[in-house]
Amino acid sequence: MLKPLVFALIVIHFTLSQAVASSSPIRFLTVNEPPASYLDEDDQIQGYVVDIVYSLAKRLNIEAKLEIVPEARALKTAYHNHNTMLFSFSRNAERDQKLNWIGPVLIKTWGLYGLKSNPQTYEKLADYPTIGVTKGDIRHEWLTQQGLSNLSVNSSHKLNIQLLVRKRISAIAYESTGLQIVANELDIDPSSFTLLRELKQQAVYIAMSKQFNNAEQWQQAFKDMQAEGELQQIATKWRQKIKQEHNINAQLNNGILMLK
């Protein structure tokens with residue numbers, strides 16, 4: 001008697017869970033990481049990938065209300081909640097298990113950066129006194145997987161840059177374009193920094209929680225943007241904007257921006 005009852009309860013629970021998921025509004029979460037997404041002078045969310053997400057939502061007649069949150073919180077929210085979209089995030093084995101992916105929007109080259117006035121270089125990453133990383137950032141996860149115990153885990157890339165300038169840490173894991181833009185925001189001369197070593201080149205994606213309404217429609221809308229050339233149009237627009245505003249030479253690769 002118990003087995004049919006247990007089975008019935010499982011079915012009811014699953015059905016209710018699906019009903020809640022289908023009725024939940026979509027949350028659009030992003031992080032403060034220019035030029036993909038950032039707050040402008042009027043506290044409005046702008047960015048290259050922001051434009052892509054707005055275009056995707058428009059194709060599906062959905063009003064996208066974006067939120068900027070810390071990276072670790074964005075991931076936790078998507079892991080444990082239905083109908084959560086987040087951008088821009090790189091893939092790894094853990095994230096592949098917990099997220100689905102809409103498509104790649106950016107290619108970044110990670111680097112280890114230090115002060116030009118004190119360019120300490122070491123043969124091994126483990127030999128650096130302290131490497132600043134941002135909590136939840138893919139570089140934090142990747143360096144942790146290397147078994148490093150010299151990581152200084154902080155709340156933002158901006159804080160890492162400030163700590164580096166104050167010589168509280170010896171290096172930071174970041175990428176050139178973001179470093180230059182955020183340094184300018186902090187009124188710090190970007191030429192104060194130097195690349196100590198390249199770490200890795202990685203694609204960046206728009207992601208969504210495992211249970212997501214009409215996931216296939218979002219993935220198809222992205223493919224349509226690629227096929228129709230809209231993705232490349234947005235990338236070209238932001239390539240010119242980045243050049244004009246920051247004198248940074250981004251490249252195009254298969255219709256998306258590539259930052260070095």
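Quantities reported herein were computed from a predicted structural model and do not represent experimental measurements.
- When hydrophobic clusters are built by joining Ile, Leu, Val, Met, Phe, Trp and Tyr residues whose side-chain heavy atoms come closer than 4.5 Å, directly or via intermediates, L39 is not grouped with V182.
- Contact check for I256 versus L106: no side-chain heavy atoms found under the 4.5 Å cut-off.
- By the neighbour-count criterion of 12 heavy atoms within 6.0 Å, atom NZ of K76 is sparsely surrounded, having that number or fewer from other residues, nucleotides or ligands.
- Under the ring-ring contact (aromatic ring centres under 6.0 Å, His included) criterion, Y205 pairs with W101, sequence neighbours left out.
- Classification of E230 and K58 as a salt-bridged pair fails, no side-chain N sitting under 4.0 Å from a carboxylate O.
- Here the side chains of L257 and L252 are in contact, with some heavy-atom distance below 4.5 Å.
- What you find for A126 and N150 is that their closest heavy atoms are O-ND2, 3.6 Å.
- Applying the salt bridge (charged side-chain N to carboxylate O under 4.0 Å, His left out) test to E198 and every residue at least two apart in sequence or in another chain returns nothing.
- In terms of hydrophobic clustering, with Ile, Leu, Val, Met, Phe, Trp and Tyr side chains grouped at heavy-atom distances under 4.5 Å, L99 and L56 are assigned to different clusters.
- Residues satisfying the salt bridge (charged side-chain N to carboxylate O under 4.0 Å, His left out) test with E185, not counting sequence neighbours, are none.
- Of the possible donor and acceptor atoms, none in the side chain of Q97 sits under 3.5 Å from a partner among the backbone N and O of A93.
- W218 is listed as a side-chain neighbour of I26, based on a closest heavy-atom distance under 4.5 Å.
- Rounding to the nearest 0.5 angstrom, the gap separating the CG atom in L163 from the OG atom in S152 is 6.0 Å.
- Remark: D189 engages no residue in a salt bridge (charged side-chain N to carboxylate O under 4.0 Å, His left out) (not counting sequence neighbours).
- The salt bridge (Lys or Arg N to Asp or Glu O under 4.0 Å) analysis of residues 150-163, with sequence neighbours excluded, yields no pairs.
- Between V105 and S88, the shortest heavy-atom distance links the atoms CG2-OG, 4.4 Å.
- Note on Y113 and V153: separate hydrophobic clusters, where clusters join Ile, Leu, Val, Met, Phe, Trp and Tyr whose side-chain heavy atoms are under 4.5 Å apart, directly or indirectly.
- Following chains of ILVMFWY side-chain contacts shorter than 4.5 Å, one can reach I68 starting from M85, so the two form part of one hydrophobic cluster.
- Contacts classified as salt bridge (Lys or Arg N to Asp or Glu O under 4.0 Å) and involving residues 113-135 (residues at least two apart or in different chains) are not found.
- D42 is linked by a side-chain contact (heavy atoms from CB on, under 4.5 Å) to D40, Q44, counting only residues two or more places apart in sequence or in another chain.
- Counting heavy atoms from C-beta outward, Y48 and I242 have side chains that stay 4.5 Å or more apart.
- No side-chain N or O of N184 forms a donor-acceptor pair with one of Q180 less than 3.5 Å apart.
- To the nearest 0.5 angstrom, R239 atom CZ is 5.0 Å from Q251 atom CD.
- No donor-acceptor distance shorter than 3.5 angstrom exists from the side chain of S55 to the backbone of D51, with no hydrogens or angles considered.
- With sequence neighbours excluded, no residue forms a salt bridge (charged side-chain N to carboxylate O under 4.0 Å, His left out) with R197.
- The side-chain contact (heavy atoms from CB on, under 4.5 Å) with I172 is formed by just one residue from the set N154, V133, L179, L112; it is L179.
- Between G111 and L195, the closest heavy-atom pair is CA-CD1, 3.9 Å.
- Formation of a donor-acceptor pair under 3.5 Å by the S192 side chain with backbone atoms of P190 is not found in this model.
- Nearest heavy atoms, E141 versus L75: OE2-CD1, 3.9 Å.
- Here R73 contributes atom CZ and E67 contributes atom CD; the two are 9.5 Å apart, rounded to the nearest 0.5 Å.
- Between the side chain of E175 and the backbone N or O of T177, at least one donor-acceptor pair lies under 3.5 Å.
- Note: the hydrophobic cluster containing Y174 does not contain I181 (ILVMFWY, side chain heavy atoms under 4.5 Å, direct or indirect links).
- Distance OG/S156 to CD/Q162: 7.0 Å, rounded to 0.5 Å.
- Residues satisfying the side-chain contact (heavy atoms from CB on, under 4.5 Å) test with K243, not counting sequence neighbours, are N247, N249.
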Show the atom names and distances, to 0.1 Å, of all donor-acceptor pairs under 3.5 Å that link a side chain in residues 28-38 to residues at least two apart or in another chain.
{"from": "T30", "atom 1": "OG1", "to": "S37", "atom 2": "OG", "distance (Å)": "2.8"}
{"from": "T30", "atom 1": "OG1", "to": "F87", "atom 2": "O", "distance (Å)": "2.7"}
{"from": "E33", "atom 1": "OE1", "to": "H157", "atom 2": "NE2", "distance (Å)": "3.3"}
{"from": "E33", "atom 1": "OE2", "to": "K108", "atom 2": "NZ", "distance (Å)": "2.6"}
{"from": "E33", "atom 1": "OE2", "to": "R139", "atom 2": "NH2", "distance (Å)": "2.9"}
{"from": "S37", "atom 1": "OG", "to": "V31", "atom 2": "O", "distance (Å)": "2.6"}

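- Nearest heavy atoms, K210 versus N100: NZ-OD1, 3.2 Å.
- Distance check: W142 CH2 to D137 CG gives 12.0 Å after rounding to the nearest 0.5 Å.
- The main-chain N or O of T130 is found under 3.5 Å from a side-chain atom of S170 such that the two form a donor-acceptor pair.
- Within the 3.5 Å criterion, the main-chain N or O of R95 finds a donor-acceptor partner in the side chain of N92.
- S90 places no side-chain N or O within 3.5 Å of a backbone atom of V204 that could act as its donor or acceptor partner.
- Residues that satisfy the ring-ring contact (aromatic ring centres under 6.0 Å, His included) test with Y128, not counting sequence neighbours, are Y122.
- Note that the CG atom of L231 and the CD1 atom of I52 stand 4.5 Å from one another [nearest 0.5 Å].
- No side-chain donor from either of N81 and S209 sits under 3.5 Å from a side-chain acceptor of the other.
- Listed by first then second residue, pairs satisfying ring pair (Phe, Tyr, Trp, His ring centres under 6.0 Å) with a partner in residues 57-80 number zero, not counting sequence neighbours.
- Around CD of E63, the count of heavy atoms belonging to other residues, nucleotides or ligands within 6.0 Å does not exceed 12.
- Counting heavy atoms from C-beta on, the side chains of L259 and I107 never come closer than 4.5 Å.
- Put simply, the side chain of N83 does not reach to within 4.5 Å of the side chain of R27, judged on heavy atoms.
- Taking both residues in full, the closest heavy atoms of F89 and A74 are given as CZ-CB, 3.9 Å, listed atom of the first, atom of the second, then distance.
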